[in-house]
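FYI, the numbering just counts along the sequence from 1. Worth knowing before you read on, the calculation uses all heavy atoms, side chains too, and leaves out hydrogens, waters and symmetry mates.
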Amino acid sequence: MRMRRKHNLDERLEDVNALILRRTIEDLNMKTSVEKKDYIDFKEVFGRDSSIELEIGCGKGRFMADLARRNPDMDFIAIEMLSNVIVEACERISKEGLNNVRFMILRAECLQSYIPPKTVSRIYINFPTPLPQKGYEKQRLTNKKFLNIYKDILTDDGEIYLKTDNKSMFEYSVCELSQNGFALKNVSLDLHRSECKGNIMTEHEVKYTDMDMPIYRLEAYVAEKNR
């Protein structure tokens, strides 16, 4: 079912325009558009040299707002595919007056067109759509197609943080990461009953935790021999 267009969407987007990094590559064919580059100058955007972290699929922005608030000396990029979704996250960041976050309305397949190689120190993938249907495997955010993109934009010591409530998605991700040059650490099969400290909750995570559902989590980094 298609999401209903939010009321006054265009006006709301205009109000938070300063937080949105606009796409400049007009080619809508992802197979050819990814060959074109218009790299973001993070120093120009944020006015300083700092560590850059990326959230893929920021939803309504609860996680990103908390992360940015806790880490004022770091800068963050958050992406979503739809302006109808990202507008609420932008409004949250604007309301809180956080200056260390920018957004892009972008598919993860296009990250290499805008993110320079070896610039992102951490990628957060929180509760990605599992896409269990036959034939949708290549669209999962932990498929090897995406892992190769992440390898390109991550710094040499960069990491991926994944959280999901879906056991099958988690098992799939463990296999894909392990088979495509990543090593795992801090793996948890029930995050909120583990000793993990400093966890930041997303909107989905709050709901699943209230339902007493286990949250699966892992951290991954590029194995030394593959760097």
Side-chain angles (χ1 to χ4, degrees), residues 19-46 48-59 63-64 67-68 74-83 85-86 89-90 100-129 131 136-163 169 172-173 175-184 218-227:
L19 295 177
I20 301 175
L21 303 177
R22 298 295 178 181
R23 287 185 56 159
T24 56
I25 297 172
E26 297 180 0
D27 189 347
L28 298 180
N29 185 327
M30 284 186 291
K31 290 184 178 180
T32 56
S33 67
V34 295
E35 299 173 0
K36 302 172 184 178
K37 309 297 180 187
D38 187 13
Y39 290 143
I40 299 169
D41 184 334
F42 292 120
K43 184 176 181 180
E44 180 179 341
V45 169
F46 293 107
R48 61 183 180 179
D49 282 315
S50 64
S51 179
I52 301 294
E53 297 188 352
L54 168 71
E55 183 183 12
I56 299 177
C58 63
F63 174 87
M64 180 51 65
L67 182 66
M74 300 171 61
D75 294 317
F76 303 91
I77 300 292
I79 72 167
E80 266 291 351
M81 291 192 298
L82 301 175
S83 56
V85 175
I86 208 169
C90 294
N100 56 339
V101 182
R102 297 294 185 276
F103 297 89
M104 292 194 76
I105 303 168
L106 189 73
R107 296 181 66 93
E109 290 94 332
C110 300
L111 281 168
Q112 288 168 294
S113 293
Y114 299 97
I115 307 294
K118 306 292 185 182
T119 54
V120 174
S121 60
R122 186 173 295 165
I123 295 173
Y124 299 94
I125 306 173
N126 294 317
F127 301 91
T129 304
L131 296 170
Y136 282 76
E137 179 177 326
K138 290 184 179 180
Q139 296 183 35
R140 297 172 190 161
L141 286 175
T142 51
N143 179 266
K144 62 182 179 182
K145 175 183 73 174
F146 289 100
L147 297 184
N148 287 330
I149 294 173
Y150 306 154
K151 282 182 187 177
D152 180 59
I153 64 175
L154 280 170
T155 58
D156 287 339
D157 59 351
E159 301 172 317
I160 297 172
Y161 281 21
L162 169 72
K163 285 195 288 188
M169 177 63 179
Y172 171 85
S173 301
C175 290
E176 284 290 285
L177 286 159
S178 300
Q179 293 172 8
N180 289 282
F182 284 85
L184 307 181
L218 62 77
E219 299 171 15
Y221 59 94
V222 180
E224 187 69 35
K225 65 180 180 180
N226 291 296
R227 292 179 180 173

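Expressed to the nearest 0.5 Å, how far CE of Met169 lies from CG of Leu141 amounts to 6.0 Å. Distance check: Ser83 OG to Ile20 CD1 gives 8.0 Å after rounding to the nearest 0.5 Å. We find the CG-CZ distance between Asp157 and Arg122 to be 10.0 Å, quoted to the nearest 0.5 Å. Atoms CD1 and CD1, on Ile77 and Ile40 in that order, are 5.0 Å from each other to the nearest 0.5 Å. Note: Lys144 NZ to Asn180 CG = 6.5 Å, rounded to the nearest 0.5 Å. From Arg22, atom CZ reaches atom CE of Met104 across 10.0 Å, with rounding to the nearest 0.5 Å.
Looking at Ile105 and Ile86, their side chains come closer than 4.5 Å, going by heavy atoms from C-beta outward. Between Ile149 and Ile115, the closest side-chain pair of non-hydrogen atoms is not below 4.5 Å. Using a 4.5 Å heavy-atom threshold, the side chains of Ile52 and Leu54 count as separate. With a 4.5 Å cut-off on side-chain heavy atoms, Phe103 and Leu21 do not count as touching. Ile160 places none of its side-chain heavy atoms less than 4.5 Å from the side chain of Thr142.
Considering only residues two or more places apart in sequence or on other chains, Glu55 meets the side chain to side chain donor-acceptor pair (under 3.5 Å) condition with Asn126. By the side chain to side chain donor-acceptor pair (under 3.5 Å) test, Asp75 is found to be paired with Arg48, Ser50, residues two or more places apart in sequence or in another chain being considered. Ser178 pairs by the side chain to side chain donor-acceptor pair (under 3.5 Å) definition with nothing, not counting sequence neighbours. Checked against salt bridge (charged side-chain N to carboxylate O under 4.0 Å, His left out), Lys37 has no partners two or more places apart in sequence or in another chain. Contacts of Thr129 classified as side chain to side chain contact (heavy atoms under 4.5 Å, CB included), with partners at least two apart in sequence or in another chain: Leu131. Every side chain to side chain contact (heavy atoms under 4.5 Å, CB included) that Glu109 has, sequence neighbours left out, goes to Met30, Arg107, Lys145, Phe146. Residues satisfying the side chain to side chain donor-acceptor pair (under 3.5 Å) criterion with Ser121, sequence neighbours excluded, are Ser51. The side chain to side chain contact (heavy atoms under 4.5 Å, CB included) search around Asn148 returns Lys151, not counting sequence neighbours. Checked against ring-ring contact (aromatic ring centres under 6.0 Å, His included), Tyr124 has the following partners two or more places apart in sequence or in another chain: Phe63, Tyr161. Not counting sequence neighbours, Asp41 has no partner by the salt bridge (charged side-chain N to carboxylate O under 4.0 Å, His left out) test. In this structure Glu176 satisfies the salt bridge (charged side-chain N to carboxylate O under 4.0 Å, His left out) test with no other residue, sequence neighbours excluded.
When every heavy atom of Ala220 is checked against every heavy atom of Leu177, the shortest pair comes out as CB-CD2, 4.0 Å. Counting all heavy atoms, side chain and backbone alike, Ala78 lies closest to Met64 at CB-CE, 4.1 Å. Considering every non-hydrogen atom in both Thr155 and Lys118, the closest pair reads CG2-O, 3.5 Å. Nearest approach of Lys43 to Asp49, heavy atoms of both residues: CD-OD1, 3.6 Å. Of all heavy-atom pairs between Thr24 and Tyr114, the closest is N-OH, 3.4 Å. Heavy atoms only, all atoms of each residue included: Gly158 and Tyr221 are closest at O-CB, 3.6 Å.
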Is there a side chain to side chain contact (heavy atoms under 4.5 Å, CB included) between Glu53 and Leu67? Walk through the geometry before answering. CA-CA 10 Å; Glu53 297 188 352; Leu67 182 66; 4.1 Å; yes
Is there a side chain to side chain contact (heavy atoms under 4.5 Å, CB included) between Glu137 and Asn143? Walk through the geometry before answering. CA-CA 7 Å; Glu137 179 177 326; Asn143 179 266; 3.8 Å; yes
Start with the C-alpha gap between Leu19 and Val101, add the side-chain angles, then the distance that decides, and say whether side chain to side chain contact (heavy atoms under 4.5 Å, CB included) holds. CA-CA 7 Å; Leu19 295 177; Val101 182; 5.9 Å; no
Evaluation steps, side chain to side chain contact (heavy atoms under 4.5 Å, CB included), between Leu106 and Leu111: CA-CA 8 Å; Leu106 189 73; Leu111 281 168; 4.2 Å; yes
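The number of heavy-atom neighbours closer than 6.0 Å to OH of Tyr136, taken from other residues, nucleotides and ligands shown, is 12 or below.
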